[in-house]
Amino acid sequence: MSKKQQKYYVVWEGNTSGIYDSWEHCQREIRGYPNAKFRSFTSLEQAKKAFKDPDSVPAKKSSKKQYYYVVWNGHKPGIYTDWDEARAQITGFKGSIYKTFGSKQLAEKAFTEHPDKYKDGDYKKTKDLSVAELEKIGEPIELSLAVDAACNGRGDFEYQGVWTFSKEVVFLVGPYKKGSNNIGEFLALVHALAYLNGHKDPKMKAMPIYSDSRIAMGWVRQKLCRTNKQPPPEVRNLIARAEKWLRNNTFKNPILKWETKVWGEIPADFGRK
């Protein structure tokens, strides 16, 4: 088993400036220090050079995707574009609250709102859109059901449906072996349709259903699970039952695409990405 690479931490501005050979020691020197400046290096020689001449250290290369770190509770609340800077604000701060966003627009909006609104969601896939695009997408419908599926590398899958805003689980099915995520998404949609239409309340029969899978939504429209997989009998029976339900029933529930790039992960997400 390979050893973890040794790192050296230069603290230019902190409780005590210097070079440290562990993250724990570095943490002690930046803890509680507003706007601490520090950087990690893979060799002691690099660290010594950087400590002696900070201007020789090149700016960090931007990652493939820019993230925005919202710190609601920390030494200095704010929005940070550098993880090291954000980490310095929460290190040693009791009760720190922060979240990562892929959209600057959403991060700025979130910072002005209560963090509880964002505590359970994953917003890394969000991205900035034009005003026209945002207006076209709008906000998710509060009274709705959201569905999602999860599948591991072996093909074991499960799916669930939750009330969109409370995230209360309505149904959770599986796991089943040797299927796929798309199969799970398809079964989740049909399960949601059957569940809502099994109620006498007309509001349930017209309630929107959200999915983040265009493939599964297309299969429901075609009333056919067009998978290339060869699942075992148990899963084939589930698919056959779902297809039969679609052929024999009509429904008024709108099936809507969950806009992950604006709203974050769908509420029914299993959180295993």
Side-chain angles (χ1 to χ4, degrees), residues 122 125 136-273:
D122 184 337
K125 290 184 179 180
K136 183 178 180 181
I137 292 172
E139 297 289 336
I141 299 171
E142 183 171 352
L143 295 176
S144 59
L145 186 63
V147 301
D148 199 17
C151 184
N152 63 22
R154 299 186 300 274
D156 303 338
F157 73 95
E158 56 189 318
Y159 66 82
Q160 66 178 348
V162 309
W163 298 124
T164 298
F165 274 82
S166 70
K167 297 181 176 61
E168 179 186 353
V169 176
V170 178
F171 56 82
L172 173 60
V173 182
Y176 296 102
K177 295 185 178 297
K178 297 182 180 180
S180 71
N181 198 67
N182 286 332
I183 291 175
E185 299 268 15
F186 171 75
L187 293 174
L189 277 173
V190 180
H191 192 135
L193 287 168
Y195 172 81
L196 293 175
N197 283 274
H199 289 72
K200 294 181 179 180
D201 187 345
K203 292 181 181 178
M204 299 287 275
K205 296 178 183 295
M207 180 176 289
I209 302 171
Y210 279 108
S211 170
D212 61 7
S213 172
R214 293 190 185 280
I215 290 176
M217 292 167 68
W219 288 355
V220 169
R221 285 194 299 271
Q222 298 169 43
K223 302 180 181 181
L224 185 66
C225 179
R226 305 183 70 87
T227 180
N228 292 323
K229 299 284 185 179
Q230 296 297 323
E234 183 180 25
V235 177
R236 289 203 303 270
N237 288 338
L238 291 174
I239 293 172
R241 284 174 52 191
E243 292 175 338
K244 182 178 180 181
W245 190 94
L246 290 172
R247 290 194 301 269
N248 296 340
N249 294 272
T250 59
F251 58 88
K252 295 181 180 179
N253 307 87
I255 298 178
L256 307 175
K257 175 69 171 62
W258 182 264
E259 299 292 349
T260 305
K261 59 188 177 183
V262 179
W263 304 330
E265 293 291 351
I266 192 166
D269 181 64
F270 282 83
R272 300 173 187 169
K273 297 180 177 65

- Under the 3.5 angstrom rule, does the side chain of W258 hit a backbone N or O of I209 as a donor-acceptor pair? no

- Message: If I take atom CG from residue D269 and atom NZ from residue K167, how far apart are they, to the nearest 0.5 angstrom?
- Response: 10.5 Å

- Message: I'd like to check the ring-ring contact (aromatic ring centres under 6.0 Å, His included) partners of F157; sequence neighbours left out, ordered by chain and number.
- Response: Y176

- Taking every heavy atom of Y195 against every heavy atom of M204, the minimum-distance pair comes out as CE2-CE, 4.2 Å

- Query: F251: what forms a ring-ring contact (aromatic ring centres under 6.0 Å, His included) with it, not counting sequence neighbours?
  - Reply: none

- Item | Steps toward side-chain contact (heavy atoms from CB on, under 4.5 Å) verdict (L145, V170) | CA-CA 9 Å; L145 186 63; V170 178; 3.6 Å; yes

- Item | Sidechain-backbone polar pair: E158 side chain, L172 backbone, donor-acceptor under 3.5 Å | no

- Message: My understanding is that only residues two or more places apart in sequence, or in another chain, count here; which of them pass side-chain contact (heavy atoms from CB on, under 4.5 Å) with L256?
- Response: I141, P208, Y210, P254

- Using the test ring-ring contact (aromatic ring centres under 6.0 Å, His included), find all partners of W163 that sit at least two apart in sequence or belong to another chain. none

- Message: Any non-hydrogen side-chain atom of E185 less than 4.5 Å from a side-chain atom of D212?
- Response: yes

- Query: Quick one: are F171 and V147 in side-chain contact, heavy atoms under 4.5 Å?
  - Reply: yes

- Compare all side-chain heavy atoms of P267 with those of F165 and state whether any distance is below 4.5 angstrom. no

- Step by step, work out the side-chain contact (heavy atoms from CB on, under 4.5 Å) result for E168 and V162. CA-CA 5 Å; E168 179 186 353; V162 309; over 6 Å; no

- Query: Once you round to the nearest 0.5 Å, how far does CZ of F270 lie from SG of C151?
  - Reply: 11.0 Å

List the atom pairs, donor and acceptor, that lie under 3.5 Å between side-chain atoms in residues 241-249 and the rest of the protein, sequence neighbours left out.
{"unit_1": "E243", "atom_1": "OE2", "unit_2": "C225", "atom_2": "N", "d": "2.9"}
{"unit_1": "N248", "atom_1": "ND2", "unit_2": "K244", "atom_2": "O", "d": "3.4"}
{"unit_1": "N249", "atom_1": "ND2", "unit_2": "W245", "atom_2": "O", "d": "2.8"}

- Message: Measuring from atom CD1 of I137 to atom CD of E259, what distance do you get when rounded to the nearest 0.5 angstrom?
- Response: 4.5 Å

- With no hydrogens and no angle check, is any side-chain donor or acceptor of K205 less than 3.5 Å from a backbone partner on H199? yes

- The side chain to side chain donor-acceptor pair (under 3.5 Å) partners of D156 (sequence neighbours excluded) come to N152, R154

- Could you state the interatomic distance from CG (L196) to NZ (K203), rounded to the nearest 0.5 Å? 14.0 Å

- Residue pair A268 / A146: nearest heavy atoms and the distance that separates them: CB-O, 3.4 Å

- Query: Taking atom CG of L187 and atom CG of N182, what is their separation to the nearest 0.5 Å?
  - Reply: 11.0 Å

Which donor-acceptor pairs under 3.5 Å do the side chains of residues 228-240 make with protein atoms, sequence neighbours left out?
{"unit_1": "R236", "atom_1": "NH1", "unit_2": "P231", "atom_2": "O", "d": "2.7"}
{"unit_1": "N237", "atom_1": "ND2", "unit_2": "P233", "atom_2": "O", "d": "3.3"}

- Query: To the nearest 0.5 Å, how far apart are OH in Y159 and CG in N181?
  - Reply: 13.5 Å

- Message: Per the ring pair (Phe, Tyr, Trp, His ring centres under 6.0 Å) rule, what does the pair list look like for residues 211-242, sequence neighbours excluded?
- Response: none

- Residue set satisfying side chain to side chain donor-acceptor pair (under 3.5 Å) with N197, at least two apart, ordered chain then number -> N253

- Neighbour count above 12 (heavy atom, 6.0 Å) for L224 CG: yes

- Note on the structure: Taken in chain and number order and not counting sequence neighbours, the residues that satisfy side chain to side chain donor-acceptor pair (under 3.5 Å) with S144 are T164

- Query: Taking only residues two or more places apart in sequence, or in another chain, which ones meet S211 in a side chain to side chain donor-acceptor pair (under 3.5 Å)?
  - Reply: none

